[in-house]
Amino acid sequence: MVAEAQTRLECDPGFVSPAEKMASFYILKLLAVTAKHKAWELWDKVPKTEALLKDEVFCLAVIALHPVLYGKLHPVGRNNRRVCLEAIAKWDLPKYSLLQFAHPY
């Protein structure tokens, strides 16, 4: 799904715009070279839109790079089943609990 989204642009309402999709590539490249312990502080400085934080593919890629950013995603993105399973699989932070970011329902 992530590989397919790299070349496909969706124009329906509820999807990210083409400009946001192009920006997401640069955001992910920035996160790829960011150290694990610096990701939480850097995330607040990165320009991003709410639609991007709700996008399942973008959220999956962010969680694959830095699981700690699960807490910074929009609740719609966090509560997606695939995103949550990815975060659970990669969670390696002893000071934080994944459940503190999960939706109660």
_Minimum heavy-atom separation for P47 and I27, please, with both atom names._
O-CD1, 3.4 Å
*asked:* Taking K36's backbone N and O only, do any of them form a donor-acceptor pair with H66's side chain (distance below 3.5 Å, no angle check)?
replied: no
*Please tell me if the side chains of K72 and W40 come closer than 4.5 Å, counting only heavy atoms from C-beta onward.*
yes
*What distance separates T49 OG1 from H74 NE2, expressed to the nearest 0.5 Å?*
10.5 Å
*Transitive ILVMFWY side-chain link F58 to L42, under 4.5 Å*: yes
*Could you tell me whether D55 and K21 have a side-chain N and a carboxylate O separated by less than 4.0 Å?*
no
_Shortest non-hydrogen contact from L65 toward L28_ = CD1-O, 3.6 Å
*Out of curiosity, L52 CG to S24 OG, how far, rounded to the nearest 0.5 Å?*
5.5 Å
*If every non-hydrogen atom of C59 is compared with every non-hydrogen atom of G77, which pair is closest and at what distance?*
SG-CA, 3.9 Å
*Is W43 close to V62 at the side-chain level, that is, under 4.5 Å between some pair of heavy atoms?*
yes
*N/O donor-acceptor pair under 3.5 Å between R82 side chain and E56 backbone*: no
*Side chain to side chain, K48 and L53, heavy atoms closer than 4.5 Å*: yes
*Linked, directly or transitively: V76 and L69 (ILVMFWY side chains, under 4.5 Å)*: no
*Got a donor-acceptor contact below 3.5 angstrom from the Y70 side chain to the I63 backbone?*
no
_Between NZ on residue K45 and CG on residue L30, distance to nearest 0.5 Å_ = 11.0 Å
